[in-house]
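The next block holds one structure in the form of structure tokens; read it before the comments.
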Amino acid sequence: MARLLLLAALLWTAAALPRESRAQDLVADLSDHVIAINTGFTGTRVLLFGATEGNGDVAVVVRGPVDRATVREKDRVAGIWINQASMSFTSVPGFYAVASSKPLEELAPASVLDRVGIGLDHLQLATADANDASPETVAAYRGALIRGLQRRNLYVTETGQVSFLSGRLFRTRIDFPANVPTGQYQVEAYLFRNGQVVDAQTTPLIVGKVGLGAEIYDFAQRESALYGLAAILVAVAAGWLASVVFRRA
């Protein structure tokens with residue numbers, strides 16, 4: 001609590017500075033810049049605080065880490081579901097969430113939201129192999145990709161609330177699920193006036209594994225063949241031990 005109060009005080013001081021001594025109309029920071037995932041991790045919440053110089057609306061976007069994703073269409077052949085056509089997308093955020101001080105459609109025109117990628121309808125997902133695909137086909141695969149990530153709670157469906165605590169101070173909370181991907185995230189804060197972005201700030205956030213889980217993960221990435229062999233040996237040993245126990249019982 002003391003840390004958050006100190007942060008709020010610092011942000012208020014920054015917002016109160018004369019315009020000639022400040023280069024930005026928007027200042028924001030996070031309560032935590034690192035999320036540590038251990039074996040008991042069940043999700044967490046990070047607070048974003050900020051201050052604005054003058055009036056305006058604020059939107060916050062959380063993205064990352066980016067990777068390639070492939071969407072496959074399945075069809076039933078002779079009673080068996082098999083993969084048919086597919087489409088790959090590049091630079092897909094593994095997690096995506098948006099918060100805003102007002103509904104997105106009231107924040108700015110669609111062209112502005114498209115340019116900065118605020119909102120799932122405006123998230124730019126480039127395709128890697130859609131030269132011969134129609135816009136309708138691309139849209140169908142794009143929708144399937146987003147729905148799949150939404151079912152895993154990695155793409156937040158509802159827009160969160162950015163609340164102004166006073167005339168200039170604002171805050172919002174960012175909830176991360178237990179299955180949040182590890183890697184580097186970007187937390188972007190945008191200040192809007194008259195439907196246009198007048199200032200923006202990006203703050204990095206790191207999500208990483210710690211403890212025994214991190215060591216096992218690193219070993220699996222560095223020595224995949226040895227990790228696979230070890231997993232097989234552990235499974236065989238566990239099966240043999242179980243058979244011995246039940247035979248004695």
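Quick note: numbers below take in every heavy atom, side chains included, and nothing from hydrogens, waters or symmetry partners. The residues of the chain are indexed from 1 along the displayed sequence. All of these numbers come straight from a predicted model, not from anything done at the bench.
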Modelled atom types, side-chain donor and acceptor of [X] and [Y], under 3.5 Å:
X    : Y    : result
E73  : Y141 : yes
S100 : T159 : no
T157 : Q150 : yes

Looking at every non-hydrogen atom in both residues, tell me the closest pair between [X] and [Y] and how far apart they are.
X    : Y    : result
A144 : V71  : CB-CG1, 4.0 Å
L48  : A28  : CD2-CB, 4.3 Å
V207 : P181 : CG1-O, 3.6 Å
S101 : Q161 : O-NE2, 3.8 Å
T52  : G54  : OG1-O, 3.0 Å

For the [atom1] atom of [X] and the [atom2] atom of [Y], what is their distance to the nearest 0.5 Å?
X    : Y    : atom1 : atom2 : answer
E188 : T202 : CD    : OG1   : 5.0 Å
R45  : D175 : CZ    : CG    : 4.5 Å
F95  : R63  : CZ    : CZ    : 12.5 Å
F170 : D57  : CZ    : CG    : 11.5 Å

Given side chains that start at C-beta, do those of [X] and [Y] come closer than 4.5 Å, heavy atoms only?
X    : Y    : result
V92  : L145 : yes
E53  : Q24  : no
I35  : L205 : yes
P93  : L125 : yes
V138 : M87  : yes
L47  : L30  : no
V180 : Y185 : yes
F49  : D29  : no

Aromatic rings Y155 and Y96: how do their planes relate, parallel, tilted or perpendicular, breaks at 30° and 60°? tilted

Membership question, hydrophobic clusters at under 4.5 Å side-chain separation (ILVMFWY): are V66 and V156 in the same one? no

Give a yes or no on whether F41 and V46 share a hydrophobic cluster (residues Ile, Leu, Val, Met, Phe, Trp, Tyr; joining criterion: side-chain heavy atoms under 4.5 Å apart). yes

Residues R193 and D25 bridged, charged N to O under 4.0 Å: yes

Pair S88, T70 - check side chain to side chain donor-acceptor pair (under 3.5 Å), show working. CA-CA 4 Å; S88 295; T70 300; 2.9 Å; yes

Check whether [X] reaches the backbone of [Y] with its side chain - one donor and one acceptor, N or O, closer than 3.5 Å.
X    : Y    : answer
T44  : F176 : no
D199 : L26  : yes
D32  : V34  : no

Taking atom CZ as the centre, does R142 end up with more than 12 heavy-atom neighbours from other residues, nucleotides or ligands that are less than 6.0 angstrom away? yes

Verdict with supporting geometry, V197 and F192, side-chain contact (heavy atoms from CB on, under 4.5 Å): CA-CA 5 Å; V197 177; F192 287 84; 3.4 Å; yes

side-chain contact (heavy atoms from CB on, under 4.5 Å), that's the test. Do Y190 and V198 meet it? Break it down for me. CA-CA 8 Å; Y190 296 90; V198 297; over 6 Å; no

Test side-chain contact (heavy atoms from CB on, under 4.5 Å) on R171 and L165 and set out the steps. CA-CA 7 Å; R171 60 172 286 178; L165 307 179; 3.5 Å; yes

For N179, side chain to side chain contact (heavy atoms under 4.5 Å, CB included) partners two or more places apart: R152, L154, P177

Could you tabulate the donor-acceptor pairs under 3.5 Å formed by side-chain atoms of residues 108-121, not counting sequence neighbours?
unit_1	atom_1	unit_2	atom_2	d
D114	OD1	H122	ND1	2.6

